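Chain A is the first sequence line, chain B the second, and so forth, proteins listed ahead of strands; every chain is numbered from 1. Values reported hereafter were calculated over all heavy atoms of this structure, with side chains retained and with hydrogens, waters and symmetry mates removed. Remember, it's a predicted structure, so these values are computed and weren't measured experimentally.
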Amino acid sequence: MSTQTPPTHSLFEYAPAPESRSIVDIAPSYGLFVDGEFVDGSGTPLKTVNPATEEVLSEVPTATDADVDRAVRAARRAFTRVWGPMRPADRGKYLFRIARLLQERAREFAVLESLDNGKPIRESRDVDVPLAAAHFFYHAGWADKLDWAGLGPGPRPLGVAGQVIPWNFPLLMLAWKVAPALATGNTVVLKPAETTPLTALLFAEVCRQADLPPGVVNIVTGAGETGRAVVEHEDVDKVAFTGSTEVGRSIARSVAGTRKRLTLELGGKAANIVFDDAPIDQAVEGIVQGIFFNQGHVCCAGSRLLVQESVHEEVIASLQRRIGTLRLGDPLDKNTDIGAINSAEQLARIRELSDIGEAEGANRWQPACELPERGYWFPPTVFTDVSPAHRIARDEVFGPVLSVLTFRTPDEAVAKANNTTYGLSAGIWTEKGSRILAIADRLRAGVVWANTFNKFDPTSPFGGYKQSGYGHEGGRHGLAAYLEGGQ
Amino acid sequence: MTHVLDPRAPAAAIPPRREPPAPYRDVTRSDAAFRAFLHGLPGVDQVGAEARVGVLGTRSIKTTAKAWAIDTAISMVDLTTLEGADTPGKVRSLAAKARRPDPGDPTTPQVAAVCVYGDLAGVAREALAGTGIHVAAVATAFPSGRASREVKLADVRDAVANGADEIDMVIDRGAFLSGRHLDVFDEIVAVKQACGDAHLKVILETGELVTLDNVRRASWLAMLAGGDFIKTSTGKVSPAATLPVCLVMMEAVRDFRAATGRQVGVKPAGGIRTTKDAVKHLVLVNEVAGPDWLSPDWFRFGASSLLNDLLLQRQKLRTGHYSGPDHVSVD
Amino acid sequence: MSPDRLAVRKTYKLYVNGAFPRSESGRTYEVADAKGAFLANAAWASRKDARDAVVAARGAFAKWSGATAYNRGQVLYRVAEVMEGRHAQFCEEVAAGEGLSSSRARAAVDAAIDRWVWYAGWTDKLGALLGGANPVAGPYFDFSLPEPTGVVAVLAPQRSSLLGLVSVLAPVLTGGNTAVVVTSRARPLPAVTLGEVLATSDVPAGVANLLTGDAAEIGPWLAEHDDVDAIDLTGAPADRAMELERLAAGSIKRVVRPPAEEPDWSADPGLTRLTPFLETKTVWHPIGL
């Protein structure tokens, strides 16, 4: 045999395959995007870091109340003078333009997203950015067809939408918010998350390339105070928020007694229910996809695994073997499965809840996994022997931490799945069709994935039950939140 | 000749059934039991399987990893010619290529085997003498498998006698699809016996089994019956080797070893033409079954044109510039 | 009626979990007609009555929301049938409480009965109207269906004691929710009679619970109750609405804000009172062999 023949049991080591950073130019500092221009903010600038390296990427302004006021006034002007009166078909064309520009600059957005957020390039490239473009395409087509949306004749826009989005899917959440608002004739003031402002600012550039009239989209950066200023501004007609239930509560309080319409997409603690007749390898994939997608920074993450006792050992063994093949590291490496935790603050929370899980008696398992020295990292983690009373079974960890519980009967599975104050999503794994429909019917959750998990589409309404919020994003349902008479 | 599947055939013609390995000894005690076992295997969700290979397909294999993958893939090739027009000359020329795939670069590994029809196994054996390259012969009324069992067994014995040390048999898809799983099982057992020391690769012809559930069942059936390898396809039916099929087969050999301790190899065949396809398969092997299968002893590519593409890519890696079809030999 | 005969007066009680309890507090309050003359003593519901009503409504939710839409439609239609039989009684109570002429009272009662009929016909159409298949870009069957929000607290209109009440209660039940209603404080009598109608039609116990009393007093307890999923503030006192909405935020309740002034309830309500108490469930499943 040839000398080159690899020895048996040789390891297939993937050489680093980093996506090039050079495709994106990050300016040392950015302005707020108000009335079609980049302008200085008045507050103390924020540094945004690459969570994988702790390198400072850029500086963005903090918008003060006065800056937000300027943005809202610009949005109001644009609403009354340009965007509101515009022919709906033309509004649609602008959105089509934006969709195309997002596709054209997809690689740039993906790299920037991974740099700023820490998520693997595979996900930003294959999920976040294409879905963001898809949302603009989908809503572009609605702009001149709103009479057919089933919301009554001649539905009218609300006016200025104040939108506050989280750091887990910065560009995608922007698309979920901005696309339906614009399609229905509203203008927006959007505040991206404090730790992930860069793709929103790149999106501002896309708006300019699309010749979107000034003031239709305004982007104000900053932290919680800026968000509060957007939400509480008197001339905002509509507030849309995605984020924690805690902040959602305070927003709901602050809009109480006003005329502002509100939609909230909040936390979750989804049950992923695996029955003993499940397609086991796909179920394991679904569990992995459910909790480790985007480092578990997903409001609809399948963070509670409910396994039927008869297959518990088999599922856990397969799951652990599978987790052992996950590749954690450089988010820009095309072969990375698990990237960095978005911030030191979030990492501290994940650590704290995991430690509590162990202290409460659950059994922590983590694969042999080398963590990079710099940056914010947490290995994929599975807790077994979790009781429904444990905090890791009740609190949203928002990290790569799975809590495994067991059940014996379908009734028990449903009871445990619904035993949460949240109600955003759930998963069911079984080969039996009638069981899927019966369980799906009884789960109190807005999205039920059967034999799949974490799938999203602009045509498919997404939104929670119970304390996971109200209102929908996507589909015909998502339009209602931005139209008079809609709910 | 009496057809062995003929119910009126004398009972004495049926050899005693070989027992599958523990812990599955009793699953072949009756057709009903075997069917219950095979249908009790976990299902495969097609969309989920496709999504999984989709993600694995995005693995980016570069530089040193790519060089390793190309050489590994070359060493796993069962260089194949299965044409009605095959001649001793064609087989000799293929054997020469198998020994030295790239005449311009002696560091190129040789392939795992040359795969031919049984009547030409002797030619291949002679041309490959002393190389360590295996001679694989297709048998059992390849590719349809539509002949009586005696004919199929004779086909096997003939190929082995001609010098084949690996036999690629086809299962009786008709029997499998109509639920006569024990007939398929017994036939594999009989073929294995006829092989003697030759390794047995069991071709499932997954393109005719259609569903991934069937692929998993047929894989288990073949492994329980004693197959040394399970192989996707004859190459005469489309679709041949696909990544989802390979995924399910890799899961099957992985689970079978975990349960019985016995390791079985996998051979996708047909339709794998490019280095990219081959690397995707290796990634799949690596991440689904694990590195234990990353050797020609446990993983093969049944292919003909694949080898040239691997060679072109190898040249590109070595020289830094793109090569062309005139820089590899036509077969 | 013989002038000699002494009328048998009715005791007006709460309607909770299919039964007619007095307030656990033992309290009653005087209800007067539009001219200020004494009509009756009504039970004055307390926060504990509200708590019991929420327990009853939660207990009834699984069965009511799980009933077929066809069945719910028939049950709601049955309410209209039974109301029709008590037409004269409702007319008297509405006329007395709201100070309406008999013809206007009759019109209000007619409209209230017809409103049940109208909503009864909605139960099995909402799915088609508000749900459907979503053409996602992948091999998945994806459909969305409306589902009831859960337990809904309703602060019923203060002026329109029957038509207004039916206009806010019927849509909640139509969607499959269960309800805890605080009736008009000053005009509670038609609500009590409606309770008697519900009890003798086929509405399961606990599905609708009617509390006579003061929305300003019970409202905050309901708004803050963690096991109430939504609250309709239509009948909330204007100066308390903001506080109630704030309290409701604690458990992310769906809130229907009060209108600036009580609307004309005879107008076609469309879907405006149905959709606030409906969630949307979206189910995905792969399509493969």
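Heavy atoms of A:Ile436 lying under 4.5 Å from chain C belong exclusively to its side chain. Interface remark: C:Leu129 contributes backbone atoms only to the contact with chain A (heavy atom separation under 4.5 Å). At a 4.5 Å heavy-atom cutoff, the contact between A:Leu437 and chain C is made by side-chain atoms alone. Of the atoms belonging to A:Phe453, not a single heavy atom falls under 4.5 Å from chain C. Contacts between C:Ser65 and chain A at a heavy-atom distance below 4.5 Å are absent for every atom of the residue. At a 4.5 Å heavy-atom cutoff, the contact between C:Thr280 and chain A is made by backbone and side-chain atoms alike. For C:Ala137, the parts lying near chain A are the backbone and the side chain together; criterion is any non-hydrogen pair under 4.5 Å.
Interface remark: of the candidates A:Leu262, A:Leu264, A:Asp441, A:Asp441 forms the most heavy-atom pairs closer than 4.5 Å to chain C. In terms of heavy-atom pairs under 4.5 angstrom with chain C, the leader among A:Thr258, A:Ile428, A:Leu266, A:Thr245 is A:Thr258. When A:Pro458, A:Gly150, A:Gly152, A:Ala445 are compared by the number of non-hydrogen pairs under 4.5 Å with chain C, A:Ala445 comes out ahead. Ranked by heavy-atom pairs under 4.5 Å with chain A, the first of C:Met242, C:Lys281, C:Glu279 is C:Lys281. Among the candidates C:Ser144, C:Pro286, C:Gly270, the residue making the largest number of heavy-atom pairs closer than 4.5 Å to chain A is C:Pro286.
Formation of a donor-acceptor pair under 3.5 Å by the C:Asp229 side chain with backbone atoms of C:Val151 is found in this model. A donor-acceptor pair under 3.5 Å is formed between the side chain of A:Arg261 and the backbone N or O of A:Leu483. Although no hydrogens or angles enter the test, the distance criterion places a donor-acceptor pair under 3.5 Å between the side chain of C:Lys253 and the main chain of C:Ala223.
Remark: the A:Lys238 side chain and the A:Thr263 side chain contain an N/O donor-acceptor pair separated by less than 3.5 Å. Side-chain contact, A:Thr459 with A:Asp457: a donor N or O sits under 3.5 Å from an acceptor N or O.
Aromatic ring centres of A:Phe456 and A:Trp449: separated by under 6.0 Å.
Between A:Arg442 and A:Asp411, at least one side-chain N (NZ, or NE/NH1/NH2) sits under 4.0 Å from a carboxylate O, which counts as a salt bridge.
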List the steps and the verdict of side chain to side chain donor-acceptor pair (under 3.5 Å) for C:Thr149 and C:Arg254. CA-CA 9 Å; C:Thr149 296; C:Arg254 289 83 177 113; 4.6 Å; no
